[in-house]
Amino acid sequence: MDKAAIARATEHFGKLLEVQMKRMERVKAAPDWIDYSKVKPLKIGILAGDGIGVYIAAESKRVLEFLLKDEVKAGTVIIKNIEGLTIENRAAHKKAIPDDVLAEIKEYQITLKGPTTTPRKGDPWPNIESCNVALRKELDLFANVRPIRIPKQGIDWIFFRENTEDLYALGPYGIDVDADISIDFKLITGPGSDRICRLAFEHAKKNNRKKVTCVTKANVVKTTDGRFLENFYRIAKDYPGIEVDDWYIDIMTAKLVDEKRRRDFQVMVLPNLYGDILTDEAAEFQGGVGTAGSANIGKQFAMFEAIHGSAPRMVTEGRAQYADPCSMIRAAAMLLGHVGYPEKSRKLEMALDITGQYEKKLAITGRNTGATGKAFTDYIMEWIVSPKLQAAWEGYVKG
Ligand code: IPM
Ligand code: MG
């Protein structure tokens, strides 16, 4: 037995624990929720990202500027690009987020972010940490909120994916113990699971949703998922009017497809990796990951983004202008709702539903057989200003 390898691994583990214990102190001492109605001016930063990000960020910025034009004119909202979160710049600095870019991001309460390239072992880029994951950690964006709505099928799901813990928290800090053994670390904390579960229940309460479902693999991953599930049921006691249940991740992926059961689910709360996987599956029913937006919410900052990657292949094949901007535009709709413009958010969501799921006058195919992202965005904006928007949406949904 290689005793030295064990000693090295033990020391490594000890260091990780020190970092996490300090993080727990910060989480417990963190200031409470920011009140956007008191933030003047509200600063919204646009991070274009890589690959198709540059294209779809430009379109979603255009929609945001259009819907907030009065506020921008009055100076109560500022919308500006933040440069430098590109893979080239991150690779040059060998950092998930270069320091000056991070400092600038922190000057904005809100960011709308395009997909960024995440290198992995063997890529031409240095194997730096995902900047999504780093940003979520740096800004303590603990909730990844991902709605999936297919009104015509009666599906209205919202996923509360824990965003700062689980296998992701220590993703870059695994250890090759010896020539044979590699170990990664899965982390779940009490405060971390409490705050995500509470947010899911609060959402259910405010939006009159009747049921919250917890998804884990607590039968096998007993300690960490076990803690998450235990905390879920403890928090549930504070919300006696809301029905609760829990499922294991494997059967849950099956139940989302089950015609007899899928409409029973409303609000779902789950650890990071299960949330990553399940929300891609859920998005597929809505028309693909290109149609799904997400909100990364923390108490002081929030970042809104598509749920998919930067699709570098579309750029090298010369098809980037045909990328679907709807994921990021959905994220922009969530942003508007989050900072206090529920009417504008609702309008944009209705326009997205009509153009993407019902009228479908234009279609995005990702190539020149379909509309460009720009043309599709124009189409969405035509509906936003249409006096028929509300009635048309209701008509379509009722079928
Ligand atoms: C997502 C993405 C990211 C994640 C990647 C790009 C690191 O898949 O936002 O779901 O795994 O969280
Ligand atoms: Mg994902």
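Since the structure is predicted, the reported quantities are computational estimates derived from the model, not experimental observations. Indexing begins at 1, ligand by ligand and atom by atom, following the structure's order. In what follows, every heavy atom counts, from backbone to side chain, and hydrogens, waters and symmetry copies are set aside.
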Nearest non-hydrogen protein atom, atom 1 (C) of ligand 1 = Arg146 NH2, 3.3 Å
Which of Lys211, Glu243, Lys255 passes side chain to side chain contact (heavy atoms under 4.5 Å, CB included) with Asp264? It is Lys211
Sequence neighbours left out, what pairs pass ring pair (Phe, Tyr, Trp, His ring centres under 6.0 Å) with at least one residue falling in residues 173-215?
-> Phe13-Phe185, Phe160-His203, Phe201-Phe232, Phe201-Tyr239
Row check, Trp393 ring normal vs Arg346 NZ/CZ: under 6.0 Å, within 45° | yes
Is it the side chain, the backbone, both or neither of Glu129 that has a heavy atom closer than 4.0 Å to ligand 1?
-> neither
Distance filter under 4.0 Å to Thr118 heavy atoms, resulting ligand 1 atoms = 6 (C)
Under-4.0 Å protein heavy-atom contact, atom 5 (C) of ligand 1 = no
Near the Mg ion (ligand 2), which protein N/O/S atoms are found at less than 2.8 Å?
-> Asp276 OD1
Would you say Arg161 touches ligand 1, if touching means a heavy atom closer than 4.0 Å?
-> yes
Side-chain ion pair, Glu11 and Lys15, N-O less than 4.0 Å | yes
Distance-only N or O hit between ligand 1 and Tyr168, under 3.5 Å | yes
Ring geometry between Trp157 and Phe285 (parallel below 30°, tilted from 30 to 60°, perpendicular above 60°) | perpendicular
Heavy-atom gap Arg136 to ligand 1 smaller than 4.0 Å = yes
Any sub-3.5 Å donor-acceptor pair from Lys344's side-chain atoms to Leu336's backbone N or O?
-> no
Sort out for me which residue in Lys299, Arg26, Arg195 forms a salt bridge (charged side-chain N to carboxylate O under 4.0 Å, His left out) with Asp140.
-> Arg195
Note the single closest protein heavy atom to atom 7 (C) of ligand 1, along with its residue, its atom name and the distance in Å.
-> Ser130 OG, 3.4 Å
Asp276-ligand 1 polar pair, N/O distance under 3.5 Å = yes
Considering only non-hydrogen protein atoms, determine which one is nearest to atom 3 (C) of ligand 1 and report residue, atom name and distance to 0.1 Å.
-> Asn132 ND2, 4.1 Å
Test Tyr108 against every option in Leu42, Ile44, Ile46, Ile82 by the side chain to side chain contact (heavy atoms under 4.5 Å, CB included) rule and name the one that passes.
-> Ile82
CG on Leu256 to CD on Glu284, rounded to 0.5 Å = 12.5 Å
Measure the shortest side-chain to side-chain distance between Arg209 and Asp156 over non-hydrogen atoms and say whether it is less than 4.5 angstrom.
-> yes
Are the charged groups of Glu59 and Arg62 less than 4.0 angstrom apart, N to O?
-> yes
